[in-house]
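Read through the structure below, which is laid out as structure tokens, and then see the notes.
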Amino acid sequence: MASDSSQPSPLKIGIVGLGPFAQFLAATFVKQGHTLTAVSRTDHSLIASRLGILFFKSYDQFIDAHNDVILICTSILSLSEVLKSIPFDRIKGPTLFVDVLSVKEHPQKLLLQAIPVESDLMCTHPMFGPESGKNGWRGLPFVYDKVRIRNEDLCSRFLGMFQSEGCRMVEMSCEEHDREAARSQFLTHTIGRILSEMKIESTSMDTKGFQSLVQLKENVVRDSFDLYSGLYVHNRFAKQELKALEHALEDVKQKLQEKMDNTLEENSRSY
Ligand SMILES: NC(=O)c1ccc[n+]([C@@H]2O[C@H](COP(=O)([O-])OP(=O)(O)OC[C@H]3O[C@@H](n4cnc5c(N)ncnc54)[C@H](OP(=O)(O)O)[C@@H]3O)[C@@H](O)[C@H]2O)c1
């Protein structure tokens, strides 16, 4: 039988940091027929073999696997430390580096300093995770910035892995991403964390609105605190959103207090 020449050949993808999110992505990449290797701080060899991934304990072996793409999936807070341990000088030939961190200016800056000049860089943020993407990726946003791309073919084959799953592809600069994500994702996580501190739980008389709040709380606490704090520490736009939230709470409290004072005064006058 003649082979289907329209099918692109599988990619060799090396994952740095095989945590929960990388495992979630990897399951789909393996299903698509790509060859995966991984390296991580923790020994994830059992999980890797279950997923069909070759796990290396050392960066030297990982680099010697000659990957087309090196996918950086570590936590935001550990990126700088992780990049220091990668022996970039062992990499032979141009490679496409891609990161999936939930902030974008920070990895863009560090990766441009660290990776070999002949390597390409794309900064991405799949705007979904193991919970929101558990029934497939159709319609879910995939944000990317082609920071330094010379091998367009390899880059579009990588993007095709998300396109073919039905993701909504959104190209934007790392700066634009961080500005928008501070107002959407960081705010969402912050409200969820506040609700978790308040220990809200379902009641026997939940309104739809309250059910959404409980759901939000449950979703955000599934992500590590490292992830959440990374959204604040390494997104320069997050601080102003936190301040805006504090001011908004103060404004709402003040409006309530004014209403209460006026009501009490009117009531006392009518007696
Ligand atoms: N979860 C999501 O829904 C989601 C969605 C989009 C993007 N992301 C991004 O994907 C990345 C991974 O997220 P995650 O959910 O898997 O959880 P995470 O807590 O943000 O990151 C866990 C990963 O970071 C590694 N790590 C943590 N501290 C380290 C250190 N000191 N040295 C070396 N490695 C370290 C862990 O390695 P070991 O496992 O080997 O210990 C693991 O691979 C993050 O950058 C996150 O922003 C996550």
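Every number for a ligand or one of its atoms is a count from 1 in the order of the listing. Note: hydrogens, waters and symmetry copies are ignored here, and every other heavy atom, side chains too, is used. We number each residue from 1, following the sequence as shown.
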Between Phe29 and Phe24, does the ring pair (Phe, Tyr, Trp, His ring centres under 6.0 Å) criterion hold? Intermediate values first, please. CA-CA 9 Å; Phe29 297 164; Phe24 161 74; 9.4 Å; no
Residue and atom name of the nearest protein heavy atom (relative to [atom]), distance in Å to one decimal:
{"atom": "atom 47 (O) of ligand 1", "result": "Ser102 OG, 2.6 Å"}
{"atom": "atom 41 (O) of ligand 1", "result": "Thr42 OG1, 2.6 Å"}
{"atom": "atom 25 (C) of ligand 1", "result": "Ser75 N, 3.9 Å"}
{"atom": "atom 37 (O) of ligand 1", "result": "Ser40 OG, 3.7 Å"}
{"atom": "atom 43 (O) of ligand 1", "result": "Gly19 N, 3.0 Å"}
{"atom": "atom 32 (N) of ligand 1", "result": "Arg41 CD, 3.7 Å"}
{"atom": "atom 9 (C) of ligand 1", "result": "Val100 O, 3.3 Å"}
{"atom": "atom 3 (O) of ligand 1", "result": "Gly129 CA, 3.3 Å"}

Which of the atoms of ligand 1 are close to [X], meaning less than 4.0 Å from one of its heavy atoms?
{"X": "Pro130", "value": "3 (O)"}
{"X": "Phe128", "value": "3 (O), 5 (C), 6 (C)"}
{"X": "Pro126", "value": "5 (C), 6 (C)"}
{"X": "Gly17", "value": "43 (O)"}
{"X": "Ser224", "value": "18 (P), 19 (O), 20 (O)"}
{"X": "Ile76", "value": "45 (O), 47 (O)"}

Any idea which part of His44 is under 4.0 Å from ligand 1, heavy-atom wise: side chain, backbone, both or neither?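 Within the 4.0 Å criterion, His44 contacts ligand 1 through side-chain atoms alone.
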Check each heavy atom of Met127 against ligand 1 and say whether those closer than 4.0 Å belong to the side chain, the backbone, both or neither. neither
Give the ring-plane orientation class for Tyr59 versus Phe62, where under 30° counts as parallel, over 60° as perpendicular and anything between as tilted.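 The arrangement is perpendicular - the two ring planes meet at more than 60°.
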Heavy-atom proximity to atom 11 (C) of ligand 1, picking from Val16, Thr74, Leu18, Val82, points to Thr74
Option whose closest heavy atom lies nearest to atom 29 (C) of ligand 1, chosen from Cys73, Ser78, Ala22: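 Ranked by closest heavy atom to atom 29 (C) of ligand 1, first place is Ser78.
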If we check side-chain hydrogen bond (donor to acceptor under 3.5 Å, both in side chains) with His177, which of these qualifies: Glu105, Lys104, His125? His125
Okay, side chain of [X], backbone of [Y]: is any donor-acceptor separation there less than 3.5 Å?
{"X": "Thr95", "Y": "Ile91", "answer": "no"}
{"X": "Asn67", "Y": "Ile70", "answer": "no"}
{"X": "Arg157", "Y": "Ser9", "answer": "yes"}

Can you tell if the side chain of Ser45 reaches within under 4.5 Å of the side chain of Phe56, non-hydrogen atoms only? no
Run the salt-bridge test on Arg222 and Glu131 with the 4.0 Å N-O cut-off and return the result as yes or no. yes
Locate the shortest heavy-atom distance separating [X] from [Y]; write the atom from each residue and the value.
{"X": "Leu51", "Y": "Ala27", "answer": "CD2-CB, 4.1 Å"}
{"X": "Ser75", "Y": "Ser78", "answer": "OG-OG, 2.8 Å"}
{"X": "Gln108", "Y": "Asp145", "answer": "NE2-OD2, 4.2 Å"}

Please determine if Phe21 has a nitrogen or oxygen closer than 3.5 Å to a nitrogen or oxygen of ligand 1.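 Among all N and O atoms of Phe21, at least one is under 3.5 Å from an N or O of ligand 1.
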Does His125, backbone or side chain, put an N or O under 3.5 Å from an N or O of ligand 1? no
Here's a test for you: under ring pair (Phe, Tyr, Trp, His ring centres under 6.0 Å), which of Phe225, Phe186, Phe237 qualifies with Tyr232?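 The residue from Phe225, Phe186, Phe237 that satisfies ring pair (Phe, Tyr, Trp, His ring centres under 6.0 Å) with Tyr232 turns out to be Phe186.
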